[in-house]
Amino acid sequence: MFADVILPLALPKLYTYQIPDGMKVEPGMRVVVQFGKRRKYAAIIKRIHDEPPAAYAVKPVLSKLDEYPVVWPHQLHFWEWIARYYACTEGEVMNVAIPAHLKLSSETIIQLDPAYADETSIAVLASQLTDEAFQIVEALAVRHELSLAEVQQLLGETSYTSAQAVVKSLIDQHICVAYESIRESYRPRLETYILLSPAYAEEQALHQLFDQLEKAPRQLQILMKFYELREKQGWVRKKDLLEQAEASHAQLKALVDKGIFQEIKQTVDRIAFTYDGAIQQLHLTPSQQTCVQQIHDWFKEKRVVLLHGVTSSGKTLIYVSLILEAIAKGEQVLYLLPEIALTAQMIRRLQQYLGNQVGVYHSRLSHNERVEMWNKVREGSLQVIVGSRSALWLPFCRLSLIIVDEEHDMSFKQQDPAPRYHARDAAIYYAHLLHARVILGSATPAVETYQQAMQGKYGYVMLKERYGQIALPDMILADMRTIPRQHRGERHITPLLEDHIRRTLQQHKQVILFQNRRGYAPSQICQVCGWVPHCEQCDVALTYHKSIHQLVCHYCGRKYPPVTQCQACGSHAIIHKSFGTERIEDELHTLFPKASIARMDLDTMRKKDSYHQLIHRFEQGRIDILVGTQMVVKGLDFDSVGLVGILLADSLLNYPDFRVNERAFQLMEQVSGRAGRKGEKGMVVIQAYQLRHPVLAHVMAHDYAAFFQMEIEARAHFQYPPFTRLMKIVLKHAQQEKVVEAAHLLAGELTDKFPGQITGPAAPLVSRIRNEYLQEILIRLPRSAHKLQEQKDTIVDICNQLQQQSSFRHVRMIVDVDPMG
DNA sequence: AGCACGCCGACT
DNA sequence: GTCGGCGTGCTC
Ligand SMILES: [Zn+2]
Ligand SMILES: [Zn+2]
C-alpha cells in the first residue's frame, strides 16, 4: 500500500511513500518520512491507495507518530479547498493549521567516529585540521553530540566558511559521523503525587508507623499533613505537601526511602479550567427571544445568518443562547473574534453562563498548551472554543455552529504567510462541508455580507433594541478651519473639541481621542469644502507626489496634473495636505495641564502586559484623556467615557483604498459606541475638513442602510466587490527597475489573456518595505465559482512562467486572493 | 524549504 | 591549478 502525504513545505504536489507491511495507518495520521538526501519530516497522510508509482522509486514510510489521526478527513478536504481557493500549497496550509509542536523536522547530529575515542588520537588531529575543524572535534570530545545549529553557534560570527562545509569535510575524512534526529517536541506536563505505600493500608501497620516515627517529629508532622491533605482533596501533590508541611525535600525523601511514601508522576493539564463563580441562568428580553427564534427559522433554509445588532444590543446573549442549545445536543461551537485581545474579555463573559465548558485558542498560547487544546477539541471533551482565526483549524469532531463576531473586521484576513485566507469566508465554506451553521455578527456589516443578506443568500436578523436603554451619543462635527490661522500646522484641536474636553473633565468623566494609525497620504484638498481629487477610473484618492509635482493613482498608476480648481465647489483655494499622525500629547498638556494623559498604540503597547496595565489604570479613573489608534476602538468596554473625539476624520476618508468608506464608517461608528454609559448620554466630536463628505453624514445619523446604499452603488459603478472578485499580485525586488519591468511584463501578459480585467501595475502608497521595492497588479475576476477558479489557475500559471525566466527568478510574487485593500 | 550539483572568478 | 561563490533543479 502507498500513502500520499502532505509535507510541511511550500511544494505544489503530494508525495507518495510505501507503507511497510504490518504498519497500520489512516489518513490524518502523522508519519516520519525521508524527503531528499537526508532530511526527515513528520508528514500527514492524505490518501492511502494501492497504485504503485511507475515514474520513480518510492521510499518507505519510516515510522508512524500517532495512534489516532491528528486531523480529520473533513479537515483534509478543507485544507485542499483553502489551497486551491487562496492559490497556495497544501503544505503551507498545514503549516498554519497544526500547532508547531505537531510539526516535526529532523536535524543533523554529528558525533566523533569511534576511531577517535581516545585523547591521543584527537591530539594528533590538532596539527592536521584547520582551527575551525579542530574546535568542533574538541567540543565533540566533551559533549559527544552536536547539532548542526550548535556547530554554527560554536563557530559563531568569526567563521568565514559555513558550518555545513566544515562538518562535511570532517565526515569525508571519517573523523565524524552524522545521523538525522527527529523528535516529538510536545512534552506533557508531569506532576509528582505522593501515595502511602500499600503496606500501610492496614490500620495496624499504620499504628506501628506512628509509633516508629515518634523519634522523628518532622517526619511525623509531614505524615500528619499528608493525611490532612488526602482527606481534604482525595490526592496529595508533592508540591503542596512540601509547602504546607514546611518540609524540605530531604525530609520527604527520607520517608520515601523508608518505603512509607511512594512518588508517582502523572500528566496534568496545562490549562486549568478553574472558573468557580456562580453559573448564571440566561434571561433574554422579549426582543432577544424573538431574535433567537428568527435565527432558528432562518437556519431551516439558510446556512448563514447575519445578525445585525447595534452596539450593546445584547448580541452576546443571543450567542450564549445558541451555544447552550448546541451543548445540550452534545455538539461543538466555534466563536471567532478578530483579535486575540478580545478573547480574554469574551471568555469571562461566556464563563458566567457556560462555566468551564469554554476554552480559548489563539496564537499566543504556548506551543504545549496549543497541543493540549487541540487534543481536547479532537476528543470532543471541550465543546466551546473562543479564538482568533487560527482556531478555525482545530480538529472539531461535532462542530455544528460557527459564530463570527465583528464579522466586518478586516483583521480576519491573514496578511502574511500564505494561506492569505479570510477566516469569515473560510468558516462559511467549512460550515458547508460539515453541514454546520454560521452566524455573522456585526453592528456595521461588511458590504459583501450585507449584500448577500439583502439578496436572500444569507438569513438576516436585526436587533434594534439597545440594552439597558443606553441612548445613542450626541454627534457633533468640528470644522478644522476654526483653528486660528496663525496656529495652523501646530495645533490640531479645534476650539469646539477643546471646550467639550474641558467640560467633560470638569464633570470628572473620561475622554478618549482617536487618531488614525494608517498615516501619511499626501493629497490635494480644497480649502473651502474639503474636496479631494480621485482617480476617474479607480475611484480612490489621488496622492500628491512632490518630486514629480503630479497626482498619482496607487491602483492603476495613472498620473494626473495637479488640480487648480475644486470640482465640487469651484474654489481655487487648493492646498497640499498630509494627513499624518501628529503627536498631540504636548498640545493636550498645554491645554489641560492638570489632566493625566496616556497614549495607547502599537509602539507604546509593545511591552508585555502594558496593555492590561493601561486598561486597568483607565478603569480606575487614573487616566483622564486616553489618546489612541485603532487599538482603543476594539475590545474595550469602558464605562465612564463621557466624550470621544475623532481628531481628523479626513485621515480615514482619504486613504487610497477602494474600501476607505466602509472602513471609515465602521471605525467611526465603533468609536462612537465607546461614548456614554448606562443612563447617561455620551458625546462624540468629529473633527474634519471635509464636513460635507457623505460618509460623515451617515455616521452622524447612525444610518447604516443609507451608507450601504451609497457604497453599493459606487462599488457597482467601479466594478469592485461584491460585483467582482479581486486578486492582487504583489511583486517585490531590491531593484526598482527590476520589479517595474517584471510587473509591466506580467500585466501585459495578463491583459492579453483577460482584457479589461487588469488594473496597474502601480507602486503602492508604501512603495518600499525592508529594502524591497513593490509593484501591485489588481485583477477583477468573475463571480461565478467555476470560471473563477479556472481564471485563478491561469493567472498563477502565468506568474510561474514569468518566475521561471532567469532574469526574474529573484522577483518575489505574492498572490493575494480577495485582498482587503 | 533544504540540499547537491555544476559552472565561472580570485586566490595558493 | 584549486577553493568557493551562488545559480539551477529536484525532492516520492
Ligand atoms: Zn471645494
Ligand atoms: Zn486609478
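Remember, predicted model here, so these are calculated numbers, not experimental data. Just so we're on the same page: letters track the sequence lines, and every chain starts at 1.
Checking the phosphate oxygens (OP1, OP2) of dT11(C), no side-chain nitrogen or oxygen of Y15(A) falls inside 4.0 Å.
The existence of a salt bridge linking E150(A) and R143(A) is confirmed by a sub-4.0 Å separation between a basic side-chain nitrogen and an acidic carboxylate oxygen. The pair E369(A)-R270(A) does not count as a salt bridge, with every side-chain nitrogen at least 4.0 angstrom from each carboxylate oxygen.
Counting to the nearest Å, the C1' atom of dC12(C) and the CD1 atom of I6(A) are 14 Å from each other. For L14(A) and dT11(C), the CG to C1' distance is 14 Å, given to the nearest whole Å. In this structure, CZ of F35(A) is placed 8 Å from P of dT11(C), rounded to the nearest angstrom. As rounded to whole Å, 8 Å separates atom C1' of dG9(C) from atom CZ of R809(A). We find that NZ of K168(A) is positioned 12 Å from P of dC3(C), with the value rounded to whole Å. In this structure, E180(A) atom CD and dT11(C) atom P are separated by 18 Å, rounded to whole Å. Atom CG of D4(A) is separated from atom P of dT11(C) by 16 Å (rounded to the nearest Å). Following rounding to the nearest Å, L9(A) (CG) and dC10(C) (C1') show an atom-to-atom distance of 13 Å.
Between the side chains of Y17(A) and Q34(A), no donor N or O sits under 3.5 Å from an acceptor N or O.
Cation-pi geometry between K792(A) and Y85(A) is met: under 6.0 angstrom from the ring centre, within 45 degrees of the axis.
Within 4.0 Å of Q164(A), counting heavy atoms only, lie sugar-phosphate atoms of the nucleic acid but no base atom. Residue contacts shown for L11(A) include a base, since a base heavy atom lies under 4.0 Å away. Looking at heavy-atom distances under 4.0 Å, S806(A) makes contact with sugar-phosphate atoms alone, never a base. A57(A) comes within contact range of the sugar-phosphate backbone alone, with a heavy-atom separation under 4.0 Å but no base atom that close.
For Y56(A) against dC12(C), a side-chain N or O and a base N or O form a donor-acceptor pair under 3.5 Å.
Atom CD of E339(A) and atom CG of D409(A) lie 6.0 Å apart (nearest 0.5 Å).
Protein chain A touches strand DNA chain B; the 5'-most and 3'-most nucleotides with an atom under 4.0 angstrom of its non-hydrogen atoms are dA1(B) to dA4(B).
Remark: H432(A) NE2 is packed, more than 12 non-hydrogen atoms of other residues, nucleotides or ligands lying under 6.0 Å away.
Remark: side-chain polar atoms of T89(A) are not paired, donor with acceptor, to backbone N or O of P12(A) under 3.5 angstrom.
The aromatic ring of Y17(A) does not sit over the base of dC12(C), since the test of centres under 5.5 Å and planes under 30° is not met.
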